[in-house]
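Letters A, B, ... are given to chains in the order of the sequence lines, protein chains preceding strands, and every chain is numbered from 1.
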Amino acid sequence: DGGITQSPKYLFRKEGQNVTLSCEQNLNHDAMYWYRQDPGQGLRLIYYSQIVNDFQKGDIAEGYSVSREKKESFPLTVTSAQKNPTAFYLCASSIGTGPREKLFFGSGTQLSVL
Amino acid sequence: DQQVKQNSPSLSVQEGRISILNCDYTNSMFDYFLWYKKYPAEGPTFLISISSIKDKNEDGRFTVFLNKSAKHLSLHIVPSQPGDSAVYFCAASAGGANNLFFGTGTRLTVIP
């Protein structure tokens with residue numbers, strides 16, 4: 001079955017530590033995204049990538065980094081510079097970034113700070 | 001600043017009745033609107049969309065209405081079923097999937 005796989009489901013970060021969230025898709029989609037969800041807030045875009053080896057900052061990119069070395073993979077690193085990393089992180093993909101594109105989401109990773 | 005607002009965090013409806021979920025937006029540049037549904041422990045899934053050139057779009061039990069002058073859209077589910085119990089997110093686009101703004105979600109509970 002085609003879809004988006006995020007791992008791990010739960011992740012704990014110690015102070016000053018970098019952690020990486022995995023996102024893999026086998027939908028052959030060109031575009032991939034990372035969103036953050038906090039309680040009482042809508043999803044907010046962290047980074048997105050339209051093609052391999054290219055990515056753009058979203059609304060809240062500070063303290064995060066990404067890479068897109070393969071079409072299928074778009075890992076997100078939460079760096080120690082992100083002072084409030086506790087949130088639910090969703091990865092998504094779409095065929096393109098056109099105005100009528102639908103997003104396909106993974107099941108998310110809950111990140112908490114120890 | 002929340003450009004897409006869902007002011008009702010939760011809604012309970014009896015099975016078989018109509019569910020109406022509301023969404024307001026502030027940016028007049030939004031030209032495409034989508035609803036996503038999210039079950040616990042799963043990612044959101046696309047439900048229905050509407051372009052700003054229309055005022056209604058229907059797909060089976062789901063109908064989305066758009067009132068551009070009021071900057072308001074609503075999702076109607078008729079008849080509501082227990083399997084519809086989920087969190088519903090409204091989203092608005094100003095030119096592309098990389099420029100999508102989400103509301104905070106409304107948790108719908110359909111009571112059998």
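Contacts between residues 47-56 of chain B and chain A, counted as heavy-atom pairs separated by less than 4.5 Å, involve B:Ser51. Using non-hydrogen atoms only and a strict 4.5 Å limit, no part of residues 74-82 of chain B faces chain A. Chain B is approached within less than 4.5 Å, heavy atom to heavy atom, by A:Tyr33, A:Tyr35, A:Gln37, A:Gly40, A:Gln41, A:Gly42, A:Leu43 from residues 31-43 of chain A, ordered by number.
Of the possible donor and acceptor atoms, one in the side chain of A:Thr79 sits under 3.5 Å from a partner among the backbone N and O of A:Ala81. With hydrogens and angles ignored, the 3.5 Å screen pairs no side-chain donor or acceptor of B:Asp24 with any backbone N or O of B:His72. Put simply, the side chain of A:Thr109 gets close to the backbone of A:Pro8: a donor and an acceptor are under 3.5 Å apart. Judged purely by atom type and a 3.5 angstrom limit, B:Arg107 has no side-chain atom pairing as donor or acceptor with the backbone of B:Ser12. One N or O on the side chain of B:Thr45 and one on the backbone of B:Lys37 form a donor-acceptor pair closer than 3.5 Å.
Closest approach of A:Cys23 to A:Ile4, counting heavy atoms only: SG-CG2, 3.7 Å.
Residue contact with chain B, scored on non-hydrogen atoms closer than 4.5 Å, involves the side chain of A:Ser94 exclusively. Using a 4.5 Å cut-off between heavy atoms, B:Glu42 contacts chain A through its backbone alone, with no side-chain atom that close. At a 4.5 Å heavy-atom cutoff, the contact between A:Leu103 and chain B is made by backbone and side-chain atoms alike. Of the two parts of A:Arg100, the backbone and the side chain both hold a non-hydrogen atom closer than 4.5 Å to a non-hydrogen atom of chain B. In this structure, chain B has a heavy atom under 4.5 Å from the side chain of A:Tyr48, while its backbone stays farther away. For B:Tyr36, the part lying under 4.5 angstrom from a heavy atom of chain A is the side chain only.
Distance SG/B:Cys23 to CZ/B:Phe33: 8.0 Å, rounded to 0.5 Å. Taking CG of B:Asn22 as the reference point, atom OG of B:Ser8 lies at 6.5 Å (rounded to 0.5 Å). Once rounded to the nearest 0.5 Å, the distance linking CD of A:Glu62 with NZ of A:Lys83 reads 10.0 Å. Put simply, CZ on A:Phe74 and CD on A:Gln6 are 11.5 Å apart, with the number rounded to the nearest 0.5 Å. One finds the CD1 atom of B:Ile20 at 12.5 Å from the OG1 atom of B:Thr106 (value rounded to the nearest 0.5 Å). In this structure, the separation between CD on A:Gln56 and CZ on A:Arg68 is 12.0 Å, given to the nearest 0.5 Å.
Surrounding NZ of B:Lys5 are at most 12 heavy atoms belonging to other residues, nucleotides or ligands under 6.0 Å away.
Of the residues considered (A:Lys102, A:Lys9, A:Glu101, A:Arg44), A:Lys102 shows the highest number of contacts with chain B, using heavy-atom pairs under 4.5 Å.
With hydrogens and angles left out, the side-chain atoms of A:Thr97 and A:Gln50 include a donor and acceptor closer than 3.5 Å. Between the side chains of A:Thr77 and A:Thr20, at least one donor N or O sits under 3.5 Å from an acceptor N or O.
With sequence neighbours excluded, the residues forming a side-chain contact (heavy atoms from CB on, under 4.5 Å) with B:Gln3 are B:Thr26, B:Asn27, B:Phe30, B:Phe101, listed by chain and number.
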